[in-house]
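Data block below; observations after.
Per chain, numbering begins at 1; letters A, B, ... match sequence-line order.
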Amino acid sequence: MTPDKPRLRMAPSPTGSPHIGNIRTAVFDYLYARHTGGTFILRIEDTDRNRFVEGALEEMMYALRWMGMQWDEGPEAGGDFGPYFQSQRLDIYHQYADRLVEQGRAYRCYCTRERLEEMRKVQEAAKLPPGYDRRCRNLSKEESGTLAQENPNPVIRFAMNRDGTTELDDVVRGHVSFRNDLQDDFIIIKADGFPTYHFASVVDDHLMKITHVVRGDEWLSSAPKHVQIYEALGWQAPVWVHPSLILDESGKKLSKRSEAQTRFLSYIEDGYLPEAMLNFLATMGWSAGEDRKLYSREELIEKFALEGITNHPAIFDLAKLNDLQGEYIRMLAVEQLADMIQPRLQQAGYIGDSLAGDDISYLLRVTALIQDRLVLLNEAADMVSYFYSDEFEYDEKGARKHLAKDTTPAILKAVISKLSDVNSWTVGDIESAMRAVADDLAVKAADIIHPTRMAVTGRTWGPGLFELMEVIGKSRVVARLERCAGGL
RNA sequence: GGCGCCAUAGUGCAUCGGUUAGCACGCGGCUCUUUCAAGGCCGAGAGAGGGGUUCAACUCCCCUUGGCGCCGCCA
């Protein structure tokens with residue numbers, strides 16, 4: 001193995017559906033690992049049995065793979081540093097926790113939850129900073145024995161340094177310093193024998209030879225805890241990277257409350273493209289130092305650098321995502337787009353499970369017509385509905401505007417008759433015929449075109465009328481015109 | 001409340017001591033056009049406030065203000 005190759009991990013806890021912020025962090029991990037030829041690791045932090053959510057891990061893996069960010073080590077990938085589930089590493093944590101206890105850097109705490117709660121109330125009432133009062137930090141053998149009878153399931157707390165400061169250098173924050181007298185003796189092993197995040201992540205990061213810890217800014221406050229554990233165990237701390245958080249439109253941390261916005265899978269369902277999503281997430285909170293919008297995956301990998309990570313929070317801008325999405329949709333080859341749309345049209349019942357030659361070319365022609373206008377894949381079915389179904393309603397406003405005039409019946413009649421004489425049903429000939437109708441009736445082309453569009457599609461907007469008429473076909477177009485004229 | 005982080009247009013970024021402060025999204029207008037998009041052109045729009053340092057600060061330092069985050073036997 002090449003020495004000094006960066007090793008980064010994404011360490012989600014399976015407590016819910018993947019969060020957009022987690023995926024963004026993973027993007028940074030992934031991009032840096034790929035940029036440096038390092039290793040991208042997936043580790044599951046399932047140390048909270050109460051919050052475990054069935055299927056959360058599967059959704060996480062699905063999301064990462066959908067983004068094209070396959071991990072090199074972890075669940076379903078294997079690796080030399082497993083197991084990659086913290087719940088399967090309990091003995092390892094205990095081994096190091098015991099070592100810390102022996103060293104005097106950790107201690108068993110027999111305080112009950114009730115006492116802790118009481119203590120917190122008192123602190124709050126006295127407007128004191130909340131935190132454990134260290135009652136169990138210096139217990140004699142006898143005292144421990146007595147307390148053990150009251151509470152046979154003690155937790156293990158880490159004994160934080162009381163003096164001086166804990167300092168660390170962060171790639172995006174620079175040098176950061178924390179006063180030790182304000183630090184709390186936090187729990188490293190819970191009563192159920194499971195480790196807390198603070199402990200498990202440090203032990204695993206060390207054992208898995210993680211070189212760069214990239215995690216949200218929300219973790220910066222607890223970084224001194226981690227730094228002190230590294231010191232106590234005589235381990236070298238990784239390079240710290242704390243990118244800023246992604247905020248919602250109101251400027252708050254994206255939370256479960258804004259589920260529609262944070263749940264990553266909903267973007268997949270809506271039909272965003274992985275490339276657009278990757279481009280968007282990567283350039284939100286990171287910059288290559290240039291005025292540029294579009295980056296392919298390869299360019300992202302080539303240009304990504306930790307130093308380019310921004311140090312201020314970014315507000316999630318859906319309009320910008322949509323703009324990027326549009327760019328990527330338009331970049332697609334028609335065949336690709338058609339493939340992506342196909343399942344959604346099947347779901348809408350417009351096409352069958354397997355398409356024959358003619359159906360395929362029809363789909364391709366339809367797709368070509370909507371490509372410029374399509375943003376989300378899930379809008380496709382509605383957008384192409386009238387190419388597949390003759391049963392459509394007329395847009396109310398459009399009907400009032402374009403079909404309600406006294407002249408409409410005569411216009412439609414003239415269109416029908418002229419179109420019926422068109423032999424070669426091509427865009428050019430259709431257009432000529434339509435314009436001829438306008439000339440014959442001495443009206444503007446628009447006066448012919450709008451009612452015709454309404455009659456043929458039921459809508460006021462869409463692809464070029466002549467193009468769309470060509471694709472729908474002469475007989476269906478004429479039938480629709482007749483139906484419309486007959487209904488007036 | 002304590003601690004920590006942050007501060008360029010509405011939003012995302014660029015500029016990192018000397019620029020008419022640049023780009024993109026969004027917004028407004030014009031254009032193309034049968035519509036809607038897309039495209040092209042034009043436009044409005046920013047260095048939170050106050051002190052320093054310096055010949056020179058958006059850029060460095062300090063304070064204030066504001067925003068966010070953390071303060072769980074959750075991660």
Side-chain angles (χ1 to χ4, degrees), chain A residues 11-16 22 45-48 50-51 109 111-113 116-117 120 123-124 127-132 153-157 170 172-174 176-179 182-184 186-198 200-201 215-224 242 244-245 247 249 251-253 280 283-294 308 310-324 326-327 330 370-375 398 402 431 434-435 438 444-450 452-454 457 459-466:
Chain A
S13 62
T15 53
N22 293 136
E45 313 226 316
D46 53 349
T47 56
D48 186 341
N50 301 320
R51 292 205 306 152
C109 171
C111 296
T112 60
R113 291 167 203 263
L116 262 20
E117 210 169 295
R120 240 170 252 135
Q123 287 167 339
E124 200 176 321
K127 292 207 192 303
L128 289 166
Y132 181 58
N153 290 314
V155 302
I156 298 179
R157 286 182 186 271
D170 184 283
V172 343
R173 307 288 152 197
V176 188
S177 174
F178 299 84
R179 276 169 57 180
L182 266 15
Q183 295 295 321
D184 198 19
F186 60 99
I187 291 168
I188 58 176
I189 301 286
K190 300 182 256 188
D192 63 5
F194 276 64
T196 56
Y197 166 86
H198 300 304
S201 69
R215 84 232 292 198
D217 183 44
E218 52 191 327
W219 292 106
L220 189 60
S221 296
S222 46
H242 289 98
S244 290
L245 300 174
L247 275 25
E249 286 107 334
K252 301 273 188 232
K253 176 180 173 180
F280 176 69
T283 52
M284 165 171 234
W286 171 79
S287 164
E290 55 190 2
D291 288 335
R292 183 127 88 99
K293 172 164 81 165
L294 266 17
T310 274
N311 64 0
H312 51 267
I315 290 173
F316 187 91
D317 186 357
L318 193 64
K320 194 177 174 187
L321 205 212
N322 287 336
D323 171 69
L324 273 173
E327 296 271 14
R330 277 171 252 129
I370 64 160
Q371 184 161 20
D372 273 2
R373 287 159 251 273
L374 186 68
V375 175
H402 301 300
E431 176 162 7
M434 292 291 285
R435 295 199 185 280
K444 285 181 296 181
D447 294 331
I448 305 297
I449 286 166
H450 291 304
T452 303
R453 178 185 291 279
M454 277 302 300
T457 72
R459 309 183 186 198
T460 58
W461 59 274
L465 212 218
F466 315 126

Return no unless some side-chain N or O of [X] is found under 4.0 Å from OP1 or OP2 of [N].
X: A:Lys190; N: B:G72; answer: no
X: A:His312; N: B:G12; answer: no
X: A:Ser221; N: B:C71; answer: no
X: A:Thr47; N: B:C74; answer: no

Not counting sequence neighbours, which residues clear salt bridge (charged side-chain N to carboxylate O under 4.0 Å, His left out) with [X]? List them please.
X: A:Asp46; answer: none
X: A:Arg173; answer: A:Asp217
X: A:Arg179; answer: A:Asp181
X: A:Asp447; answer: none

Q. Between the main-chain N or O of A:Thr196 and the side-chain N or O of A:Thr47, is there a donor-acceptor pair closer than 3.5 Å?
A.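 The answer is no, because no donor-acceptor pair under 3.5 Å joins these two groups.
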
Q) Can you give one letter per nucleotide of nucleotides 18-32 of chain B, 5' to 3': B if a protein heavy atom sits under 4.0 Å from the base, S if only from the sugar-phosphate, - if neither? A) ----BSSS-------

Q | Watson-Crick or G-U stems involving RNA chain B, each at least 3 pairs long, distances under 3.5 Å, ordered by first number | A | B:1-7 with B:65-71, B:10-13 with B:22-25, B:27-31 with B:39-43, B:48-52 with B:60-64

Measure all distances between protein nitrogen or oxygen atoms and nitrogen or oxygen atoms of nucleotides 40-44 of chain B, and list the pairs falling under 3.5 Å.
none

Q. Can you list the residues that meet the side-chain contact (heavy atoms from CB on, under 4.5 Å) rule with A:Glu124, with sequence neighbours excluded?
A. none

Q.
Could you work out, with side-chain contact (heavy atoms from CB on, under 4.5 Å) as the rule, every residue matching A:Pro224, not counting sequence neighbours?
A.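 Partners of A:Pro224 by the side-chain contact (heavy atoms from CB on, under 4.5 Å) criterion, ordered by chain and then number, come out as A:Thr166, A:Phe178, A:Gln183.
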
Q) Who are the ring-ring contact (aromatic ring centres under 6.0 Å, His included) partners of A:Phe194, not counting sequence neighbours? A)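 Applying ring-ring contact (aromatic ring centres under 6.0 Å, His included) to A:Phe194 gives none.
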
What does the list of N/O pairs under 3.5 Å between the protein and nucleotides 33-38 of chain B look like, with a distance for each?
unit_1 : atom_1 : unit_2   : atom_2 : d
B:U34  : OP1    : A:Arg435 : NH2    : 2.7
B:U34  : O2'    : A:His450 : NE2    : 3.2
B:U34  : O2     : A:Arg453 : NH2    : 2.8
B:U34  : N3     : A:Leu465 : N      : 3.2
B:U35  : O2'    : A:Thr460 : O      : 2.8
B:U35  : O2     : A:Gly462 : N      : 2.8
B:U35  : O2     : A:Gly462 : O      : 3.1
B:U35  : N3     : A:Arg453 : NH2    : 3.1
B:U35  : N3     : A:Gly462 : O      : 2.6
B:U35  : O4     : A:Gly464 : N      : 3.4
B:C36  : O2     : A:Arg373 : NH1    : 2.8
B:C36  : N3     : A:Arg373 : NH1    : 2.3
B:A37  : O2'    : A:Asp372 : O      : 3.2
B:A38  : O3'    : A:Arg330 : NH1    : 3.3

Show the distances under 3.5 angstrom between N or O atoms of the protein and N or O atoms of nucleotides 57-68 of chain B.
unit_1 : atom_1 : unit_2   : atom_2 : d
B:C68  : OP1    : A:Lys252 : NZ     : 2.1

(Q) If the threshold is 4.0 Å, N to carboxylate O, is there a salt bridge linking A:Asp317 and A:Lys320? (A) no

